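None of these values were measured; they are calculated from a predicted model.
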Amino acid sequence: LVPAGRALAEETAAAASAGTNWPVLFAAASRDHAAPDLVWNAATRDELRDALASEWESLNRARAAAGGAPGAVCWNHGEFCVEYGRSLAGELRVGGISLRLLLDSGAAARPGAVRLHNPGLFFSELYIALLRARTDGDRALVARCMAATYRAYKAEVGPFPHTGHVVRLLRETPSRRLRDRLAQALAELLAHEGNAPRFLGAGGAELFCDLAALAHVAAAC
């Protein structure tokens, strides 16, 4: 969990014990939220409203087809789900976390600011996202998050078995921006001695020496 999401849940739970959870819920839903684990704004509210309206229309049609008998058709609310693919299409998310907001908030650099149930799993999901990303811009964003997450949760994540493949990605990329981000991720991985053998075995030391010779021509990104 991340503080924003946890605080909202705790606020709602506290109100529920007092029997006033609905007003608190609707008050919270009427406000905008922008945290790594919670993106809620006018666009997401509109998408939820449209989904609920569609459900209501479907329910009414089903009731009419059943003759309108009370209780003949009920809403299976347990299966209702909104993916927010329209309103959050511009947000690159991994494990329910907005990577842009994670970096913008600086939370990833502060252990405890982002409380992950399983940092190792989240880091593995970031690696998968790195492999699946379609653009160098998205890959660079994921690599930045990998570096920040490993910096904050090195002990919890432990040795990363795919360190050698990250070295190969760095060697093969033609993108200067992605190259710099992958180098930063590797630098953080090397803070754990368990990653050194894979780094060296993949030729990482020689590659870093080659990149160091080009440092004077590299543009900041």
Y150 (side chain) donor-acceptor with F123 (main chain) under 3.5 angstrom: no
Under 4.0 Å between a Lys/Arg side-chain N and an Asp/Glu carboxylate O for D136 and R181? no
Heavy-atom donor-acceptor pair, N41 side chain to T44 backbone, under 3.5 Å: yes
Would you please indicate yes or no on a ring centroid separation below 6.0 angstrom for Y127 and F160? yes
What's the separation between atom CD in E188 and atom OG1 in T149, rounded to the nearest 0.5 Å? 10.0 Å
Rounded to the nearest 0.5 Å, what separates atom CD in E47 from atom CG in L52? 11.0 Å
Within the 4.5 Å heavy-atom criterion, are L121 and E125 side-chain neighbours or not? yes
OG (S98) and CD (E91) are apart, to the nearest 0.5 Å, by 3.5 Å
For P159 and R198, which heavy atoms make the closest approach, and how far apart are they? CB-NH1, 4.2 Å
Under a 4.5 Å cut-off applied to non-hydrogen side-chain atoms, are V39 and H33 in contact? no
Check whether T173 reaches the backbone of L169 with its side chain - one donor and one acceptor, N or O, closer than 3.5 Å. no
Please walk me through it: do L103 and L141 pass side-chain contact (heavy atoms from CB on, under 4.5 Å)? CA-CA 9 Å; L103 291 172; L141 178 60; 3.3 Å; yes
Heavy-atom pair with the smallest gap, counting every atom of D138 and A133: CB-CB, 3.9 Å
In this structure, CZ of R100 is separated from CG of L102 (nearest 0.5 Å) by 11.0 Å
Give a yes or no answer on whether the side chain of R179 reaches the backbone of L170 with a donor-acceptor pair at less than 3.5 Å. no
For A147 and A185 the tightest heavy-atom approach is CB-CA, 3.8 Å
Are L189 and I128 linked, directly or through intermediate hydrophobic residues, by side-chain heavy-atom contacts shorter than 4.5 Å (ILVMFWY only)? no
For the residue pair P119 and V157, what are the closest heavy atoms and their distance? O-CG2, 3.8 Å
Atom pair CZ (R45) and CH2 (W40), whose distance is rounded to the nearest 0.5 Å: 7.0 Å
Using side chain to side chain donor-acceptor pair (under 3.5 Å), reason through E79 and N76 one step at a time and then give a plain yes or no. CA-CA 6 Å; E79 295 184 1; N76 190 2; 3.3 Å; yes
side-chain contact (heavy atoms from CB on, under 4.5 Å) for L48 and Y84? Distances and angles first, verdict last. CA-CA 8 Å; L48 174 60; Y84 298 102; 3.8 Å; yes
Show your working on side-chain contact (heavy atoms from CB on, under 4.5 Å) between W56 and W75 and close with a plain yes or no. CA-CA 9 Å; W56 180 250; W75 180 34; over 6 Å; no
Rounded to the nearest 0.5 Å, what separates atom OG in S175 from atom CG in L182? 8.5 Å
Taking all atoms of both residues into account, what is the closest heavy-atom pair of A152 and E156, and its distance? O-OE1, 4.4 Å
Between the side chain of S124 and the main-chain N/O of G120, is any donor-acceptor distance below 3.5 Å? yes
Could you tell me whether R176 and D180 have a side-chain N and a carboxylate O separated by less than 4.0 Å? no
Determine, for D210 against R171, whether the closest basic-nitrogen to carboxylate-oxygen distance falls under 4.0 angstrom. no
Heavy-atom closest contact (G85 atom, A89 atom, distance): O-CB, 3.2 Å
R139 vs L131, side-chain contact (heavy atoms from CB on, under 4.5 Å): CA-CA, chis, key distance, verdict: CA-CA 8 Å; R139 294 186 190 97; L131 300 180; over 6 Å; no
